[in-house]
Amino acid sequence: MKLERVHDYAWRIPKHGRMNVDGIIYSSERMLNDIRKDESLQQVINVASLPGIVGASLAMPDIHWGYGFPIGGVAAFDIDKGIISPGGVGYDINCGVRLLRTELEVRDIKSKTSEVINQMFRDIPTGVGSHRGDLRLNKDDLDGVLVDGAAWAVSQGYGNADDLDHIEAAGCIQGADPDCVSDRAKKRGCNQPGTLGSGNHFIEMQEVVEIYDEQAANVMGLFPGQLTITIHTGSRGLGHQVCEDHIEVMLKASRKYGIELPDKQLCCAPIKSDEGKHYFAAMAAAANFAFANRQMIMHWVRLAIEKSLQIGPADHCINPIYDIAHNIAKFEEHHVGGVSKRLCVHRKGATRAFPAKHPEVPACYRAIGQPVLIPGDMGRYSFVLVGTDKAMKETFGSSCHGAGRVMSRHKAKKACRGRDIARELEEQGIIVRGASSGTIAEEAPLAYKDVAEVVDCVHNAGIAKKVVKLKPLGVIKG
DNA sequence: ATGTGC
């Protein structure tokens, strides 16, 4: 694969063959070695061939192989000439991250970490197929989740209205239509709001260990030694079913509209076609389910901390900093060739990173830019960054989303055979509770790139700016 | 990621 150096942290695959635009990969030279190990660069090329793609087919340093589109990719499409594709969003629609700040200092609560983790593990269902035994939403309530997202959860007493000001799009994507979500998807979702799921999804207690940007940290209410909590999960079985249902529709639609696909997994439809509109309406509904899910999980996190540390009321001293999707397609205004255009931006394993002063950044962060939340693996670090003007100009206001795998789940499990990863982490002062020991092995730190290296790439490229580093204390895994 | 696999 021939890559032209743009600068130390960006590389170009020049437009050739059926590509409509260049491919641009944001990465250090060293990280390209990992990226070259799978087929993800070919996927960047494949995406560049899709009709109506604008600017470039973009990839972040945490890129790896995914369904059709690479994970860690960004692709923006012209509203009139472009397409929308379920593969450009992924199976876990609105997989995303919510960061909570507390008023607690880690040195005061460190000895109680396992009590807090155990309480959260009891109160929040975790693992494949997990559901809430105490909650089965009827049709009207589930429609409320799908249309109103986090606001529905608040209306039911899960958190308060202030929380909504600290969520991307206030926790509700406009244009969601429950009629575009199949009964099967609804059935899978009706008892899953407020559950964590499996894989790399987690809830983590963390300590603020390093501050890079004092002004931005102050605005976010972050200080050294502080306890923070990260919730990383998505739309569970409902979102998965929405993706599956619409891939089937899109396979037919691609043929119907005569779209030539280098890979069937890129199946898609014109944005303005019925199939395209229906997918967006269903995807938005699943995204709203995920916003409600994280809002409800936060509610039970607040209660678990209140109970285990005997503080309270928890909604006064534990509050969301921000909640952001990293698997989603959105309609956004961007400058293309000096003209403002409305585009459909697919971010799959990529985080929105809008700059200071942007109207879609909540008022409380307008001076510093939108918080960009980057979870790492459970043994190392997570990061908070802010979006930049450069991201707006170069990447449709996007940045990376996490560490990115270097090893398949299967390979990680094999590499961990004979080892007790939970115990090893405990020896490093990190308490781990998981629904299955298999998942803990699959999620072992060795299976991931070093998130610090990923974050340095986007920071040095200027498409996000480092604010703080967080170190894990305790984690719940699926 | 996922009532994990045809």
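Protein chains get the first letters and strands the later ones, always in sequence-line order, with residue 1 at the start of each. Just the heavy atoms: all of them, side chains too, but no hydrogens, waters or symmetry mates, feed the values below.
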Ring geometry between A:Phe202 and A:His232 (parallel below 30°, tilted from 30 to 60°, perpendicular above 60°): perpendicular
Euclidean distance, atom NE2 of residue A:His410 to atom P of B:dT4 [Å, nearest integer]: 19 Å
Value in whole Å for how far the C1' atom of B:dC6 lies from CD of A:Glu244: 13 Å
A:Phe77 and A:His346 aromatic ring geometry - parallel, tilted or perpendicular at 30°/60° bounds: perpendicular
Sugar-phosphate, base or nothing in reach of A:Ser235, heavy atoms under 4.0 Å: nothing
Sugar-phosphate only, base, or nothing, as touched by A:Glu442 at under 4.0 Å among non-hydrogen atoms: nothing
Electrostatic pair A:Lys471:A:Glu204 at N-O distance under 4.0 angstrom: no
A:Asn94 CG - B:dT2 P separation (whole Å): 13 Å
Spacing between A:Arg236 atom CZ and B:dT2 atom C1', to the nearest angstrom: 8 Å
pair A:Pro193-A:Leu137: side-chain heavy atoms closer than 4.5 Å: yes
Ion pair check, A:Arg302 and A:Asp163, cut-off under 4.0 Å: yes
Sugar-phosphate, base or nothing in reach of A:His131, heavy atoms under 4.0 Å: nothing
Separation of B:dT2 C1' from A:Lys187 NZ (nearest whole Å): 17 Å
Touch class at under 4.0 angstrom, heavy-atom based, for A:Gly199 against every strand present: sugar-phosphate
Touch class at under 4.0 angstrom, heavy-atom based, for A:Gly237 against every strand present: sugar-phosphate
A:Lys187 with A:Asp183: basic N within carboxylate O range, under 4.0 Å: no
Name of the residue among A:Lys466, A:Lys469, A:Lys465, A:Arg30 meeting salt bridge (Lys or Arg N to Asp or Glu O under 4.0 Å) with A:Asp456: A:Lys466
Within residues 57-74 of chain A, residues whose heavy atoms come under 4.0 Å of DNA chain B: none
Earlier contact from the 5' end, DNA chain B, for A:Glu443 and A:Thr439: A:Glu443
Sugar-phosphate only, base, or nothing, as touched by A:Arg184 at under 4.0 Å among non-hydrogen atoms: base
Value in whole Å for how far the P atom of B:dT2 lies from CG of A:Asn327: 11 Å
A:Arg409 CZ - B:dT2 C1' separation (whole Å): 10 Å
